[in-house]
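Here's the structure we're looking at; comments come further down.
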Amino acid sequence: MTLRAPVTDKPKIPAIELKQLLFFYQAGGWQLSLPELTLQSGQHLFVRGASGSGKTTLLNLLCGITKPVSGELNVNGQPLHTLSSRARDNLRAKHIGVVFQQLNLIPYLSVLDNALLSSHFAGIQKSEVLPRATTLLNRLGLSPELWHQAATTLSVGQQQRVAIARALLPKPTLLIADEPTSALDSDNRDTFMRLMLAEADSNGCTVIFVSHDQSLMQYFNSYLDMQQLAQGVKPC
Ligand SMILES: Nc1ncnc2c1ncn2[C@@H]1O[C@H](COP(=O)(O)OP(=O)(O)OP(=O)(O)O)[C@@H](O)[C@H]1O
């Protein structure tokens, strides 16, 4: 008789797990010290904090642009604190969508080509991603007559939507967004937030969203400010 092992649910790997994380730009200067944070896959976290409290620094660490001075930082089970810069870039290209305040659109590329750029870096064929790109641009309110214009001819609010489309197209497991709604009016902001989070949810994507705008907290299932994070408070 063969005895089968009982069927058990695989333990889920947290989307983010950080422990005793320390980062500084120069020794003796400002430092970011975070005792603990765990985010489950699919969680949507809103992070707020005063100017200069380290929000952008934290996002740079989470997406592997910078590396902690000490401590552990695991993203989808990958130990970012041990990976080389190239391995972190690779992980970001394949699994992390990023929208920064500066947007970083390529000025001479069209709206469509800017949106497709992330998929190119993730190694996804254009023919495979094109139908999803056009659907997503439409859903974000960017109509076909805009797709072949240079991205920088668009309003800042439209450019923010191109940047979100670019971040979401390769179906990342983690979306990191730094003030992406700052140039939108309240109607467009509401549409944008709902679309971004619905799109993220449809792929089970974890979201970390940083903003000064406390009214956006209503869209999130968990919340932290930088001060609480520095004290090791768990998201509520
Ligand atoms: N490249 C850098 N070199 C040295 N110090 C830096 C650098 N970038 C940021 N800092 C410092 O690190 C601290 C945190 O900056 P950070 O940009 O992370 O804050 P923030 O909360 O995102 O601010 P804001 O809301 O104004 O964008 C600040 O004191 C800032 O001066």
Side-chain angles (χ1 to χ4, degrees), residues 42-60 62-63 96-119 132-172 174-203 205-226 235-236:
Q43 203 169 338
H44 295 174
L45 176 71
F46 180 84
V47 180
R48 69 176 290 275
S51 180
S53 59
K55 301 180 297 297
T56 301
T57 304
L58 171 65
L59 297 188
N60 282 337
L62 292 176
C63 67
I96 306 177
V98 188
V99 185
F100 280 122
Q101 282 169 345
Q102 316 85 295
L103 302 179
N104 301 333
L105 298 180
I106 309 289
Y108 54 84
L109 289 184
S110 69
V111 164
L112 185 59
D113 286 340
N114 265 288
L116 290 170
L117 211 55
S118 52
S119 308
R132 188 171 135 70
T134 53
T135 306
L136 189 56
L137 288 172
N138 263 325
R139 288 185 66 199
L140 285 164
L142 296 163
S143 50
E145 60 273 16
L146 298 174
W147 298 350
H148 301 288
Q149 289 189 26
T152 47
T153 63
L154 268 53
S155 72
V156 178
Q158 289 171 323
Q159 290 184 38
Q160 283 175 318
R161 284 177 270 160
V162 178
I164 278 286
R166 182 183 56 185
L168 287 171
L169 260 182
K171 299 191 178 176
L174 173 63
L175 174 68
I176 288 183
D178 192 358
E179 298 277 7
T181 58
S182 53
L184 301 179
D185 60 40
S186 58
D187 281 352
N188 273 320
R189 195 170 50 211
D190 189 56
T191 310
F192 177 94
M193 291 302 296
R194 289 181 198 286
L195 278 173
M196 181 188 77
L197 294 174
E199 191 60 34
D201 261 344
S202 69
N203 301 318
C205 177
T206 309
V207 179
I208 302 184
F209 185 100
V210 157
S211 179
H212 288 106
D213 185 351
Q214 213 156 330
S215 71
L216 300 178
M217 241 175 80
Q218 57 173 309
Y219 299 99
F220 291 83
N221 52 23
S222 52
Y223 157 84
L224 269 181
D225 66 40
M226 288 302 290
C236 55

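Position 1 is the first residue of the sequence; numbering continues from there.
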Reported [atom1]-to-[atom2] distance for the pair [X] and [Y], which is rounded to 0.5 angstrom:
X      : Y      : atom1 : atom2 : result
Thr134 : Leu112 : OG1   : CG    : 8.0 Å
Cys205 : Asp201 : SG    : CG    : 9.0 Å
Ser222 : Leu45  : OG    : CG    : 4.5 Å

Taking C-beta and beyond as the side chain, do [X] and [Y] meet within less than 4.5 Å on heavy atoms?
X      : Y      : value
Leu174 : Ile176 : yes
Met226 : Lys55  : yes
Arg48  : Gln214 : yes
Asp178 : Val99  : no
Asn60  : Phe100 : yes
Phe209 : Thr181 : yes
Tyr219 : Asp190 : yes
Arg139 : Glu199 : yes

Can you check whether [Y]'s main-chain N or O pairs, donor with acceptor, with [X]'s side chain at less than 3.5 Å?
X      : Y      : result
Trp147 : Leu142 : yes
Asn203 : Lys171 : no
Ser110 : Ala150 : no
Glu179 : His212 : yes

If only side-chain N and O atoms count, and only distance matters, is there a donor-acceptor pair under 3.5 Å linking Thr206 with Gln43?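 No, no side-chain donor-acceptor contact under 3.5 Å.
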Going by distance alone, is a donor N or O of one side chain under 3.5 Å from an acceptor N or O of the other, for Asp213 and Ser211?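 No donor-acceptor contact under 3.5 Å links the two side chains.
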Applying side chain to side chain donor-acceptor pair (under 3.5 Å), name anything that partners Asp225, two or more places apart in sequence or on another chain.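 Counting only residues at least two positions away or on another chain, Asp225 forms no side chain to side chain donor-acceptor pair (under 3.5 Å).
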Quick one: list whatever passes side chain to side chain donor-acceptor pair (under 3.5 Å) with Ser186, sequence neighbours left out.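 For Ser186, no residue satisfies side chain to side chain donor-acceptor pair (under 3.5 Å) once neighbours in sequence are set aside.
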Looking at every heavy atom in both [X] and [Y], which two are closest together, and how far apart are they?
X      : Y      : result
His44  : Ala200 : NE2-CB, 4.5 Å
Ala165 : Leu140 : CB-CD1, 3.7 Å
Leu103 : Ala163 : CD2-CB, 3.9 Å
Asn114 : Ala151 : ND2-CB, 3.3 Å
Phe192 : Arg161 : CD1-CG, 3.5 Å
Gln149 : Leu154 : OE1-CD1, 3.7 Å

Kindly indicate, with the supporting measurements, whether the criterion side chain to side chain contact (heavy atoms under 4.5 Å, CB included) is fulfilled by Leu117 and Leu109. CA-CA 10 Å; Leu117 211 55; Leu109 289 184; 4.1 Å; yes
Ser118: which residues meet the side-chain contact (heavy atoms from CB on, under 4.5 Å) condition with it, sequence neighbours left out?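 Counting only residues at least two positions away or on another chain, Ser118 forms a side-chain contact (heavy atoms from CB on, under 4.5 Å) with Arg166, Leu169, Pro170.
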Quick one: sort the Phe46 and Phe220 rings into parallel, tilted or perpendicular, breaks at 30° and 60°.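 Because their plane-to-plane angle lies in the 30° to 60° range, the rings of Phe46 and Phe220 count as tilted.
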Please lay out, stage by stage, how Leu197 and Val207 fare under the test side chain to side chain contact (heavy atoms under 4.5 Å, CB included). CA-CA 8 Å; Leu197 294 174; Val207 179; 4.1 Å; yes
Working for side chain to side chain contact (heavy atoms under 4.5 Å, CB included), residues Leu216 and Arg189: CA-CA 9 Å; Leu216 300 178; Arg189 195 170 50 211; 3.7 Å; yes
Set out, in order, the CA-CA distance, both residues' side-chain angles and the distance that settles side chain to side chain contact (heavy atoms under 4.5 Å, CB included) for Leu62 and Ile208, then state yes or no. CA-CA 9 Å; Leu62 292 176; Ile208 302 184; 3.5 Å; yes
